Engineer: 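Structure below; questions to follow.
Just so you know, these numbers come straight off a predicted model, no measurement behind them. Here is the naming used below: chain letters follow the sequence lines, and residue numbers restart at 1 for every chain.
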There are 2 protein chains.
Amino acid sequence: MTFSVAATATAATAAAMATIVPPPAPTATRTHESRAAEPVTGRCAGCSARSKGLCGALTTGDLPDLSAASRPLDLLSATPVVMEGEEATAVFTVMSGMLKLYKTLPDGRQQITGFATAGDVIGLAVGTGYAYTAETVTASTVCRMSRTALHRLMERHPAVQGRLLAMTSVELSAAQDQILLLGCKTAMERVSSFLLALSRRSRPLADGTPSVFLPMPKVDIGAYLGLRPETLSRVLRKLEEAGAITRLSNDRIRIENPAALEATA
Amino acid sequence: MTFSVAATATAATAAAMATIVPPPAPTATRTHESRAAEPVTGRCAGCSARSKGLCGALTTGDLPDLSAASRPLDLLSATPVVMEGEEATAVFTVMSGMLKLYKTLPDGRQQITGFATAGDVIGLAVGTGYAYTAETVTASTVCRMSRTALHRLMERHPAVQGRLLAMTSVELSAAQDQILLLGCKTAMERVSSFLLALSRRSRPLADGTPSVFLPMPKVDIGAYLGLRPETLSRVLRKLEEAGAITRLSNDRIRIENPAALEATA
DNA sequence: CCGTCCGGTTGATCCAGATCAGGGCGGGTC
DNA sequence: GACCCGCCCTGATCTGGATCAACCGGACGG
């Protein structure tokens, strides 16, 4: 029932997929499995995403089930993990790094629907095909689980289905917030909302001031906010001139005045 | 787990809510329960939404559970059913009519996130508060179920949770399509996509040509598509001049050339 | 070391859609 | 009947952000 049509158990791994799809950038996109030699029961126990995502719904005693069903993968940046429209054969839990999820129009325009970080699950599909393309923006580690294994896990552990429902509901709520942002807000409001949302999810600097880490290129942030990179650049300059933020480096911004951001968001 | 924080069982009915909240329009917004005198076991059996929404997950034998947990309400148009931010005490299944779901910014700008019709469930909340306001756009009948009753139903009938997950996943996918629409598409593309999506969900006319029914005011369609009503009007005129559609009446449009709409969507 | 490339920034200009303004029409009330 | 009020349509004008173009600086490979 859950994700409708039962997945066919084709054995294509993400590693194979990554080598099959044409590399979008001239930089190397090789992939390699890792840690395959470790004892199966121990792998998940030491996982940094152990308490997050689907895995958090399971108790320690269930770890063998989990380890048997999943397989970690180390991926370089700019590596596609799932492709929009392709048959959805597996789901992936992000263990580290960051991925962008996007949809593409026939003429090539792209809309990024979200960024996935540690604990997020990607590849859940309603029908047979993936709803979006997912691609690493930094080197990342993800954990692959086939659709059939996920279904088996849900049958054996009903809490997994509950967790899946909770995660999907949170995602739906976030998507509706993004609809509000794209449908109503000005460029300044979009950027302010984005920075605030990120700052709430990240740790402050050593001195206590909040900051955000932006490993993705500016064009991707723009594609998420419905803005061109030029517009994003101009808005960030205005925010810096207003004293609301400081650009520490290309990928790090310090929030000087959260209240000012709230006011413009 | 599912929708996180357990709902407190305050007994405020939607009928009470509708009279408590200030009526947004000078037109009457009275509400009244109906069919309360019918036999409890029989009510759901004859429901037009019996096979849809959450109820479709239950077999005929489970109908007494359903009838005991839910209560139908007849609502006039422009009646609020749930209010964004208010404590989420119940969910509602739409039996007939149409509602608009929207979010509001502090300065009053509104973004409609969706329209709900027969079979749709509204009021599912991630935290304690409703994520959006829901208001009838036509006279409607909805079926109220308290959050606690929903939780009890899910415990007794696991299939309900599976159905809920499937419905939430479909909604998430639709929300991501809307993000793509709002982030990338032009006014013409938005309207074409909207008409096509509606036509796929509605029955064609007697002569077989597809048509769509638009009972909501144009300003609401605009608020859904991120457009002003003036822009919507101009785009519809262009589509009509191009021979893609015909406006049969203010709330009914015939799709003359679906392929032309596909091309511009 | 010097090109080249790519991401980011800035300035100049353009345009899709917002905003402003006016008018028509149909349904309601008195 | 006359009046009012929403809703819709249309035209004129304005503007926020897109587009076009140029430049800068760091990362790379030779």
Engineer: To the nearest Å, how far apart are B:Leu239 CG and D:dC9 C1'?
Structural biologist: 16 Å
Engineer: Rounded to the Å, how far apart are B:Lys218 NZ and C:dG26 P?
Structural biologist: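 My rounded result for the distance is 15 Å.
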Engineer: Tell me: CZ of A:Arg190 to P of D:dG16, nearest whole Å?
Structural biologist: 14 Å
Engineer: Just the rounded figure in Å: distance from P of D:dG17 to CG of A:Leu181.
Structural biologist: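 Going from A:Leu181 (CG) to D:dG17 (P), I get 12 Å.
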Engineer: Roughly how many Å is it from CG in B:Leu232 to P in D:dC8, rounded to a whole number?
Structural biologist: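 In whole Å, D:dC8 P lies 9 Å from B:Leu232 CG.
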Engineer: Distance-only, no hydrogens or angles: does the B:Lys103 side chain make a donor-acceptor pair with backbone N or O of B:Ala131 under 3.5 Å?
Structural biologist: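 Judged by distance alone, yes, a pair lies under 3.5 Å.
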Engineer: Once you round it to whole Å, what is the distance between P of C:dT9 and CD of A:Glu241?
Structural biologist: 13 Å
Engineer: Between the main-chain N or O of A:Leu76 and the side-chain N or O of A:Thr136, is there a donor-acceptor pair closer than 3.5 Å?
Structural biologist: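 Present.
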Engineer: Report the C-alpha distance between A:Arg234 and A:Glu230 in whole Å, list the side-chain angles of each, state the deciding distance to 0.1 Å, and finish with yes or no for salt bridge (Lys or Arg N to Asp or Glu O under 4.0 Å).
Structural biologist: CA-CA 6 Å; A:Arg234 286 183 244 272; A:Glu230 296 95 325; 5.8 Å; no
Engineer: Tell me every residue that passes salt bridge (Lys or Arg N to Asp or Glu O under 4.0 Å) with B:Glu84, counting only those two or more places apart in sequence or in another chain.
Structural biologist: none
Engineer: Whole Å only: how far is the CG atom of A:Asn250 from the C1' atom of C:dT9?
Structural biologist: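 Between C1' of C:dT9 and CG of A:Asn250: 11 Å.
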Engineer: What nucleotide, of C:dT9, C:dG17, D:dG11, holds the atom closest to the side chain of B:Arg237?
Structural biologist: D:dG11
Engineer: Do any N or O atoms of the protein come closer than 3.5 Å to N or O atoms of nucleotides 19-25 of chain C, and which pairs are they?
Structural biologist:
unit_1, atom_1, unit_2, atom_2, d
C:dT19, OP2, B:Arg228, NE, 3.2
C:dT19, O4, B:Arg234, NH2, 2.9
C:dC20, N4, B:Glu230, OE2, 3.3

Engineer: What is the nucleic acid contact for A:Gly222, judged by heavy atoms within less than 4.0 Å: base, sugar-phosphate only, or nothing?
Structural biologist: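 Result for A:Gly222 = nothing.
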Engineer: What's the shortest heavy-atom distance between B:Gly226 and B:Arg190, and which atoms?
Structural biologist: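 Residues B:Gly226 and B:Arg190, closest heavy atoms: O-NH1, 3.4 Å.
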Engineer: Looking only at non-hydrogen atoms, find the nearest pair between B:Thr231 and B:Leu227 and report the distance.
Structural biologist: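 Distance-wise, the nearest heavy atoms are CG2-CD2, 4.3 Å.
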Engineer: Please work out if B:Arg247 contacts a base, only the sugar-phosphate, or nothing of the nucleic acid, heavy-atom cut-off 4.0 Å.
Structural biologist: sugar-phosphate
Engineer: Please say which of B:Arg203, B:Arg254, B:Arg252 ends up in a side chain to side chain donor-acceptor pair (under 3.5 Å) with B:Ser211.
Structural biologist: B:Arg252
Engineer: Taking atom C1' of D:dG6 as reference, at what distance in whole Å does atom CE of B:Met216 sit?
Structural biologist: 18 Å
